[in-house]
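So the structure is just underneath, and the comments pick up after that.
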Number of protein chains: 2
Amino acid sequence: MQKVTIHDIARELNITFSTVARALNDHPAISVTTKEAVRETAKRLGYRQNKVASSLRSGRTNIIGVVVPSLDVSFFSSVVHGIERVMHENGYSILLYQSNESLKQETKGIATFLASRVDGIIASVTAETFQYEHYTEIKKRNVPLLFFDRTLDELQVPSVTINDYKGGFMATEHLIRKGYKRIVHISSERNLPIFSERLRGYTDALAYYDLPFDENLVFRGNISMEYGKTCVDALLEKQVQFDAIFALEDYMAMGAIHQLLAHGITVPDQVGVIGFANEAFGAYITPTLSTIDQQTVKMGEEVANLFLKLSKNKKFYEAEPERVVLEPLLMIRQSTAR
Amino acid sequence: MQKVTIHDIARELNITFSTVARALNDHPAISVTTKEAVRETAKRLGYRQNKVASSLRSGRTNIIGVVVPSLDVSFFSSVVHGIERVMHENGYSILLYQSNESLKQETKGIATFLASRVDGIIASVTAETFQYEHYTEIKKRNVPLLFFDRTLDELQVPSVTINDYKGGFMATEHLIRKGYKRIVHISSERNLPIFSERLRGYTDALAYYDLPFDENLVFRGNISMEYGKTCVDALLEKQVQFDAIFALEDYMAMGAIHQLLAHGITVPDQVGVIGFANEAFGAYITPTLSTIDQQTVKMGEEVANLFLKLSKNKKFYEAEPERVVLEPLLMIRQSTAR
DNA sequence: ATGAAAGCGCTAACAC
DNA sequence: GTGTTAGCGCTTTCAT
């Protein structure tokens, strides 16, 4: 199949290529007859608009870049799923990049987006993003930038997050109301605001219900099932008193439950466990896992809609950045059903 | 930040823009001094190559399009994860499209890819792709097309799949060797080769071990936890004799286990259950779920590598298409441990 | 080792 | 309602 351009269509119909271009773009000044003739010929010749040429000329690509740590984490693939749907419905394409939690990769992805002249960038930063010239450059070039979940607050750009503080508070409060008193929190050694906010929710809930905060009950490690097990082992070995665990994330919670059961400790009777993320498996394990839902797909849809709304006006960075905060949802299941 | 082009750099250095272009592309005929001066000036002025212009002129975009049914299915997001990594390492970007199992959406995605002049397309077809002019058009335009997992064999394009027949056979054989004799198969009402192949593996395994095939033991429904439950209910209500279930997919297997346990039937003692897909939750449920692993990330890496290898030569469609078939992996866990 | 010039396929301002 | 014209920012061939 030969490559066919608007010139070929024009030649075929004895009109100029600019008329063809207008007809294809449904320009109001073109007669219906011409439009139909053009469309028919275009179809017959197998014409496909060349978006590359169109973008070069118009300065708009109708492409937005999305950078996430990893698609292999269901949280992110789920958000991207939401972003993708909304953006496609509105005529945008998605360029995808995974940072794999590496600052270098993230920087490279953004460089590619900039070179590709994307019309906007949606990102969730890596856990090691301490410097962020690559993000400030986006702003400087006046390319719309939005964050979801993992943000850089200093940057003053629009974002969609969930209220992690409230999520941490709710999880802890739920355990307290169920009568648990010595509540362990398994956190991350990674220094992300979303994690410290959950921790803050935990400590505030303890304070609110007049329970003492005990540093011995707080653990920090990598987000994995393995680390959940490690914490339980450490607690038992040191004979620390505890009757509940609020894990930063469901896989950690899962590991903790496994290890508790392995030691003959019943869940939720002797120890209650609650996670965070509402991973799919939580509803299927035994006991089913109480957790905090983060409204992932909605988060993707919200950030896409926010982009669509804000990118309408040229002065994307002039107003105070809009920060949408979604509400966490408490999912009560068996693991806290005392 | 003003938009800066190679002309700006040229003006700054009193050389022509074509020398700048060559320097930036590390052309061998340019002196090291010039290259360094150009690179320094480019950096100082904040130059970013315009890939749109470059693509228009060169005819290559270094972008490949990826269409999958849904990123919210971990199988697909995991494969895309693999594709993405390999492609980025080789200087390609990924345009992403979800078909949501809709032929119309799939067609639209491919139209966008074609208009965007992608250098190749990697796809996994929807369950309703019975007509496929949109795919033949890709071939006609000589754009490299590759399938993974869900293919259209008639199309004669390279692909990466796993041996579903063997997977079905292995799952069934495993149950038989564990002493199960009346094995139910829960299949899909959807008419995809990957599903009928698993069924064929099932029937062949029965025949191989001299077990009778009983149409009453085969169910067809939508892939969901719910349908797994429905099947168990139907079996019990009709008082059909059975002692094992091979489910087409893990969520179905999960639903079946739940319903068996709800009826006081022990797993794996009274009934053995095996799934297919190796979803993350399988390792965490009680009992842990035996299943067939599909090597998802590897599948993505393989299809990306196949693209890189084949797209090197112009005559992508001339040779017999290379079809890589990965081996399924049997994951033995508690749900079949009799 | 560098310059000159053409043109990729389109959009859009300006004519008539 | 349609034609003319001028680029968008590069790559690439042909000179020198």
Side-chain angles (χ1 to χ4, degrees), chain A residues 1-39 41-42 45-63 91 111-112 114-119 141 143, chain B residues 1-39 41-42 45-63 91 112 114-119 141:
Chain A
M1 199 181 255
Q2 256 317 89
K3 54 174 86 173
V4 16
T5 73
I6 48 176
H7 292 92
D8 300 311
I9 300 174
R11 198 178 316 116
E12 196 89 356
L13 293 171
N14 268 313
I15 53 178
T16 58
F17 71 96
S18 52
T19 305
V20 174
R22 277 191 279 248
L24 290 171
N25 291 322
D26 208 22
H27 189 108
I30 300 294
S31 73
V32 183
T33 357
T34 314
K35 276 184 190 168
E36 277 183 1
V38 168
R39 278 198 269 260
T41 314
L45 300 184
Y47 172 79
R48 287 271 182 206
Q49 187 200 34
N50 186 332
K51 284 197 187 239
V52 180
S54 157
S55 297
L56 177 59
R57 182 54 236 250
S58 70
R60 298 182 59 250
T61 52
N62 272 299
I63 294 176
T112 310
L114 257 17
S116 302
R117 299 299 192 262
V118 295
D119 289 343
R141 290 178 190 273
V143 173
Chain B
M1 199 181 255
Q2 257 316 91
K3 55 175 87 175
V4 17
T5 72
I6 48 176
H7 292 91
D8 300 311
I9 300 174
R11 198 178 316 115
E12 196 89 354
L13 293 171
N14 268 313
I15 52 179
T16 58
F17 69 94
S18 48
T19 305
V20 175
R22 277 189 278 248
L24 257 13
N25 290 322
D26 208 22
H27 189 108
I30 300 295
S31 73
V32 182
T33 357
T34 313
K35 278 183 190 168
E36 278 183 1
V38 168
R39 278 198 270 259
T41 315
L45 299 184
Y47 171 79
R48 287 269 181 207
Q49 186 200 35
N50 186 331
K51 284 198 187 235
V52 180
S54 154
S55 297
L56 176 60
R57 182 55 236 249
S58 70
R60 297 182 60 249
T61 52
N62 273 297
I63 294 176
T112 310
L114 257 17
S116 302
R117 300 297 191 265
V118 295
D119 289 343
R141 290 178 189 272

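To find a chain, count down the sequence lines: A is the first, B the second, and so on, and within it residues start at 1.
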When you match His27(B) and Ile6(A) each to their closest nucleotide on DNA chain C, which lands nearer the 5' end? His27(B)
Quick note, Ser31(B) side chain, CB onward, closest among dG7(C), dA1(C), dG3(C) is dA1(C)
So which nucleotide from dT11(D), dG3(D), dC10(C) ends up closest to the side chain of Ser58(B)? dT11(D)
Where do Gln49(B) and Asn25(B) come nearest, in terms of heavy atoms and distance? NE2-OD1, 4.4 Å
Would you say Ser54(B) reaches dG9(D)'s phosphate, i.e. side-chain N/O to OP1/OP2 under 4.0 Å? no
How long is the line joining CZ of Arg60(B) and P of dC10(D), in whole Å? 17 Å
Of all the nucleotides listed (dT2(C), dC8(C), dT11(D)), which has the minimum atom distance to the side chain of Leu56(B)? dC8(C)
Is a donor on one side and an acceptor on the other found under 3.5 Å between the side chain of Thr41(B) and the backbone of Ile9(B)? no
Closest non-hydrogen atom pair, Leu45(A) against Val4(A): O-CG1, 3.4 Å
Which nucleotide in the set dT4(D), dA1(C), dG9(D) lies at the smallest distance from any side-chain heavy atom of Ala29(B)? dA1(C)
Between dG3(D), dC10(D), dA4(C), which nucleotide has the shortest distance from any of its atoms to the side chain of Arg57(B)? dC10(D)
Ser55(A) near the nucleic acid: base, sugar-phosphate alone, or nothing, with a heavy-atom cut-off under 4.0 Å? nothing
Nucleotide of dA12(C), dA4(C), dT11(D) approaching Ser18(A) most closely (side-chain heavy atoms): dA12(C)
Closest approach to the side chain of Thr19(B), judged atom by atom: which nucleotide of dT2(C), dA13(C), dT11(D) is it? dT2(C)
Rounded to whole angstrom units, what separation is found between the CZ atom of Arg117(A) and the C1' atom of dG9(D)? 9 Å
How close do Arg48(B) and Arg141(A) get, counting heavy atoms only, and between which atoms? CG-NH2, 3.2 Å
Give the rounded distance in Å between these two atoms: NZ of Lys3(A) and P of dC10(C). 11 Å
Atom CG of Asn25(B) and atom P of dT13(D) are separated, to the nearest Å, by 13 Å
Could you please name the option among dC10(C), dT13(D), dC10(D) that lies closest to any side-chain atom of Arg22(B)? dT13(D)
Checking Ser58(B) side chain against Arg60(B) main chain: does a donor-acceptor pair fall under 3.5 Å? yes
Nearest heavy-atom contact between Val52(A) and Ser55(B) is CG1-CB, 3.8 Å
Does Thr5(A) have a side-chain nitrogen or oxygen under 4.0 Å from the phosphate oxygens OP1 or OP2 of dG9(C)? no
Given atom CD1 of Ile15(B) and atom P of dG3(C), what is their separation to the nearest angstrom? 6 Å
Ile30(B) atom CD1 is separated from dT11(D) atom P, nearest whole Å, by 13 Å
dC8(C) phosphate, OP1 or OP2, under 4.0 Å from Asn50(A) side-chain N/O: no
Starting at atom CD of Gln49(B), determine the distance to atom C1' of dG9(D), rounded to an integer number of angstrom. 10 Å
How many whole angstroms separate atom CZ of Phe17(A) from atom C1' of dT4(D)? 8 Å
